[in-house]
Undergrad: 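Okay, handing you the structure first.
No hydrogens, no waters, no symmetry mates; every other heavy atom, side chains included, goes into these values.
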Amino acid sequence: MNWALLIRTFAAIFLAELGDKTQIATFCSAASAGSFWPVFLGSSLALVTASLVACLLGTSLTRIVPVRWLQLAAGVVFIGLGLLLIIRNIRS
């Protein structure tokens with residue numbers, strides 16, 4: 001096991017998720033439901049499943065598409081979504 005990679009990945013995902021819409025949605029669900037365990041388990045399973053899909057796609061795609069292209073595509077999609085949100089909010 002590559003412990004340095006595990007710790008780096010944990011730190012990156014943990015910091016990226018702090019204050020993210022997923023965490024806010026989990027906070028609101030727990031507050032409105034008044035029940036800790038179902039919300040904790042549901043949100044944990046959702047994050048684990050999303051991470052599993054991302055890892056499977058990431059390792060599969062790198063066999064077909066160079067990593068540099070995947071990084072570039074991810075950056076373009078991220079910027080595109082950001083611009084779309086900005087434009088949508090300016091119009092409303």
Undergrad: About how many Å separate CD1 of Ile90 and CG of Leu85, when rounded to the nearest 0.5 Å?
TA: 11.0 Å
Undergrad: Rounded to the nearest 0.5 Å, how far apart are OG of Ser44 and CH2 of Trp37?
TA: 9.0 Å
Undergrad: According to the interplanar angle, ranging from 0 to 90°, do the rings of Phe10 and Phe14 count as parallel (below 30°), tilted (30 to 60°) or perpendicular (above 60°)?
TA: parallel
Undergrad: Would you say Val48 ends up clustered with Leu41 if hydrophobic residues are merged whenever their side chains have heavy atoms under 4.5 Å apart, either directly or through other cluster members?
TA: no
Undergrad: Can you see which heavy atom on Ser35 is nearest to which on Val39, and at what distance?
TA: O-CG2, 3.5 Å
Undergrad: Where the side chain of Asn2 meets the backbone of Leu5, is there a donor-acceptor pair that is under 3.5 Å apart?
TA: yes
Undergrad: Nearest 0.5 Å, what's the CD1-CD distance between Ile24 and Glu17?
TA: 10.5 Å
Undergrad: Which value, rounded to the nearest 0.5 Å, describes the distance between Leu61 atom CG and Leu56 atom CG?
TA: 10.5 Å
Undergrad: Between CG of Leu57 and CG of Leu52, what distance do you get to the nearest 0.5 Å?
TA: 9.5 Å
Undergrad: Under 6.0 Å from the CZ atom of Phe36, do we count more than 12 heavy atoms belonging to anything else shown?
TA: yes
Undergrad: Flag the pair Leu47 / Thr22 as yes when at least one side-chain heavy-atom distance between them is below 4.5 Å, and no otherwise.
TA: no
Undergrad: Keeping the roles fixed (side chain from Gln23, backbone from Gly19), state whether a donor-acceptor pair exists under 3.5 Å.
TA: yes
Undergrad: Let me confirm one number: the CG-CD1 distance from Leu18 to Ile13, rounded to the nearest 0.5 Å.
TA: 11.5 Å
